[in-house]
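So the structure is just underneath, and the comments pick up after that.
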Amino acid sequence: MNKYTFLVFHKQYTDFLEKLRNVGVLHVSERPMGVLENEQLRDKLQASALVSKVIEDTKALLPKNATPAKANGSNGAELLTQFDAMVAEKYRLQQLLTTIEKEAERMEIWGDFDTEKMQSLARQGHIIQCWTCPPAKFDEEWYSAFNAINIGQSGSMLCFATVTHGPLTIDADLVTLNEKNTSELKAEVKQISAEIEAHKAKMETWAVDNIANLEKYALQIEEGIDWKRVEMNTIATADKKVMLLEGYAPVENADALKAMLESEGVYYEETLADENDEQTPIKLKNNAFSRMYESLTRMYGMPDYGEFDPTPILAPFFSLFWGMCMGDAGYGLVLILLGFLAKKKMGESMRGMMNLVISLGIFTTVVGAVMGTFFGYNLIESVNTPEWMKNFMIGGQTMVAGMTFDKMMLVALGIGIFHICVAMIVKLVGETMRKGFLNSLSTWGWTLLIVGSVVIASLMILGVLPDNISKIALIVVAGLSAVGIYLLNNIHRNPIVNIFSGLYDTYNMASGLLGDILSYIRLYALGLAGGLLGGAFNQLAQMAKDGCSSIPGVGIVLGVIFFGLIFVVGHALNIALSCLSAFVHPLRLSFVEYFKNAGYDGKGVAYKPFQTKEEK
């Protein structure tokens with residue numbers, strides 16, 4: 001990164017910013033902002049959030065397989081007003097429908113009465129009133145005394161009407177009839193339902209016509225926010241006659257930026273960015289494979305400018321951990337298939353995510369094949385698996401120091417030890433580059449002790465180093481490490497203090513490192529759990545098939561159907577659960593065990609150039 005400082009005459013500043021945005025490579029330095037500046041941005045940020053919500057709701061309205069129209073320059077604010085009006089009308093119709101449906105249900109028992117005739121009878125002195133009461137409270141004398149007419153029973157209440165020459169008061173609940181009878185209310189329900197469907201179609205058409213306009217409007221608001229932020233990070237000097245702006249640009253984009261500056265006659269200074277400058281932004285540069293995993297790095301935090309990008313190491317280990325947690329070659333093939341199918345149907349922005357799914361599916365297939373599991377079936381124990389394939393599989397148990405362990409558990413622990421050793425080496429290189437050799441002797445000591453001991457022990461187990469030479473090598477490594485850990489962990493400090501500091505570090509390292517290594521057992525446990533659950537579904541499917549085989553005539557067909565249903569549904573559920581575990585736990589091993597031992601903080605600033613927003 002190059003750092004730039006610009007001095008621009010205030011009358012030319014707006015034009016300068018416009019040209020700077022068109023070049024689109026400068027990351028503007030941000031300075032602390034007070035309450036006043038935040039308040040100036042508030043309206044724009046609220047507008048951005050509102051438009052994003054409207055876009056989300058509008059996308060939900062798009063009919064399936066509909067092709068949105070291109071942006072036509074419609075006024076964004078007017079579109080928001082139109083959308084609010086349509087949503088308000090939608091809720092009004094839905095509320096009205098609910099009210100009338102309840103009223104139609106209430107009036108169902110009273111039938112299709114004629115309101116005009118009832119009013120005519122009332123004018124002649126014959127008052128018709130409707131009542132409800134519990135059947136036990138109905139008085140049989142009401143038939144003769146008040147010309148009561150039994151209408152029927154609605155729920156637990158008896159409904160009846162009375163015909164008298166005046167208003168009546170009895171021990172029952174008076175019912176106020178709707179001006180419309182049941183048939184009229186039901187007709188109104190149908191009419192409003194039709195209006196709702198028509199309004200829904202109108203909103204769908206509006207969504208197709210205006211989703212692109214809304215997205216364009218959202219980009220305009222984002223550009224306004226960026227412009228405002230740049231103005232806020234501008235320092236007015238010389239009685240506000242000269243504007244000072246600082247920013248960063250990648251070295252490879254320096255020529256384009258300088259060409260614009262020189263053509264405009266802008267005064268600027270260019271220097272190499274300082275690694276210790278917390279404002280220096282980070283632009284990740286990875287190959288096609290590692291680039292798919294950059295989103296995981298961003299989830300934790302970007303590296304500092306002078307720090308290693310963890311993505312190239314995170315990518316293969318995360319993929320390996322994912323494959324071990326899934327632990328089934330068949331599930332890997334499913335992920336690959338889903339990735340290719342979804343890639344064809346999704347937009348350009350999601351294809352990168354589908355490439356990641358395909359990559360994880362490949363790792364799952366390979367690791368699952370090595371573990372000897374295919375859709376819950378154990379290929380190692382199967383008599384149909386060729387012997388040459390079994391030679392590549394890891395399964396069963398082995399003896400270590402007189403104790404029996406599952407091989408995959410030892411593999412998981414071995415991978416964990418290797419992962420932590422890689423983290424410690426990364427930390428060693430990083431600290432040495434930043435602090436120098438003399439100021440990182442403690443890290444050298446711990447790395448030599450842990451990594452050196454692991455290497456020597458591995459060579460001894462493999463038979464490369466004899467036992468007596470291995471012991472001497474371990475003593476030498478321990479002695480050299482002790483110097484860095486206990487005596488020279490801080491060359492500027494009293495040696496006695498260094499010793500006590502080293503003892504404290506020893507306690508933390510011993511307790512923390514053991515817990516870190518044991519955390520990798522989850523890779524074995526999750527793969528085992530997924531395999532056992534898949535095997536359980538296979539057994540259930542086989543039991544259903546065997547149980548149906550005794551049914552005469554259709555037993556075989558039913559057995560195959562039930563077997564297929566249980567197999568597909570069971571493994572689909574298992575794949576979903578395994579994917580969740582395979583994402584969370586490898587992420588935890590990367591973010592906690594690896595980043596902690598690698599000394600990665602993730603407090604860097606992501607490179608966000610001031611540029612014109614591109615339409616999606």
Side-chain angles (χ1 to χ4, degrees), residues 313-332 334-335 360-382 385 389-423 450 454 457-458 461-462 512-538 571 573-597:
I313 295 177
L314 184 149
F317 277 107
F318 182 88
S319 301
L320 175 61
F321 297 162
W322 174 287
M324 294 182 69
C325 289
M326 293 291 289
D328 193 295
Y331 293 174
V334 171
L335 290 179
L360 295 175
I362 293 173
F363 273 86
T364 302
T365 303
V366 174
V367 175
V370 172
M371 294 173 66
T373 307
F374 188 82
F375 283 112
Y377 291 104
N378 192 328
L379 300 181
I380 299 176
E381 298 178 358
S382 174
T385 306
M389 291 181 63
K390 291 184 179 181
N391 293 332
F392 292 96
M393 297 177 183
I394 301 175
Q397 298 180 330
T398 187
M399 296 286 294
V400 178
M403 295 184 291
T404 302
F405 297 94
D406 284 349
K407 291 181 180 179
M408 280 307 304
M409 185 180 73
L410 297 180
V411 169
L413 290 174
I415 291 174
I417 293 172
F418 178 69
H419 195 214
I420 290 175
C421 287
V422 171
I450 303 301
V454 170
S458 300
I461 292 173
L462 295 174
L513 201 59
L514 179 62
D516 291 344
I517 293 174
L518 293 178
S519 290
Y520 289 84
I521 293 181
R522 72 186 67 223
L523 300 175
Y524 158 74
L526 291 169
L528 178 63
L532 291 175
L533 187 57
F537 283 122
N538 292 340
H571 283 289
L573 176 62
N574 198 21
I575 289 174
L577 294 174
S578 297
C579 284
L580 179 61
S581 299
F583 176 76
V584 172
H585 292 281
L587 204 63
R588 195 258 185 203
L589 292 174
S590 299
F591 285 1
V592 178
E593 276 69 26
Y594 175 76
F595 283 170
K596 180 181 70 174
N597 289 285

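Between the side chain of Asn574 and the main chain of Gly530, a donor-acceptor pair closer than 3.5 Å is present. For the pair Asp406 (side chain) and Met409 (backbone), a donor-acceptor distance under 3.5 Å is absent. Panel note: side chain Asn597, backbone Ile420; no donor-acceptor pair is recorded below 3.5 Å.
A distance of 9.5 Å separates SG in Cys325 from CG in Leu320, rounded to the nearest 0.5 Å. Atoms CG and CE, from Leu523 and Met326 in turn, are 14.0 Å apart once rounded to the nearest 0.5 Å. Atoms CG and OH, from Asp328 and Tyr377 in turn, are 11.0 Å apart once rounded to the nearest 0.5 Å. Taken to the nearest 0.5 Å, the CG atom of Leu533 stands 7.0 Å off from the CG atom of Leu577. Atom CG of Asn378 and atom CE of Met371 lie 10.0 Å apart (nearest 0.5 Å). Here CD1 of Ile380 is found 8.5 Å from CD1 of Ile394. Values are rounded to the nearest 0.5 Å.
Checking His419 against Tyr594 by side-chain atom types alone, no donor-acceptor pair falls below 3.5 Å.
Of all the heavy atoms in Pro316 and Phe363, the pair that sits closest is O-CE2, 4.3 Å. Closest non-hydrogen pair, Ser519 versus Arg588, comes out as OG-NH1, 3.4 Å. Across all non-hydrogen atoms, the minimal contact from Trp322 to Ala582 is CE3-O, 3.1 Å. Across Val454 and Cys421, no two heavy atoms sit closer than the pair CG2-SG, 3.9 Å.
Using cut-offs of 30° and 60° on the angle between ring planes, the pair Phe317 and Phe418 is tilted.
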- Message: Run the side chain to side chain contact (heavy atoms under 4.5 Å, CB included) test on Ile417 and Tyr520 for me, step by step, so that the C-alpha distance in whole Å, both residues' side-chain angles and the decisive distance to 0.1 Å come before the verdict.
- Response: CA-CA 9 Å; Ile417 293 172; Tyr520 289 84; over 6 Å; no
- Item | side chain to side chain contact (heavy atoms under 4.5 Å, CB included) evaluation trace for Arg522 with Leu589 | CA-CA 10 Å; Arg522 72 186 67 223; Leu589 292 174; 4.0 Å; yes
- Message: Could you go through Tyr331 and Cys579, starting from their C-alpha distance and side-chain angles, then the distance that decides it, and tell me whether this counts as side chain to side chain contact (heavy atoms under 4.5 Å, CB included)?
- Response: CA-CA 10 Å; Tyr331 293 174; Cys579 284; over 6 Å; no
- Query: So Tyr524 and Val411, side chain to side chain contact (heavy atoms under 4.5 Å, CB included) or not? Walk me through it.
  - Reply: CA-CA 8 Å; Tyr524 158 74; Val411 169; over 6 Å; no
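Checked options Leu379, Thr373, Val370; the residue passing with Met393 is Leu379 (criterion: side chain to side chain contact (heavy atoms under 4.5 Å, CB included)).
Aromatic ring centres of Phe321 and His585: separated by at least 6.0 Å.
Considering only heavy atoms from C-beta on, Leu360 stays 4.5 Å or farther from Phe583 through its side chain.
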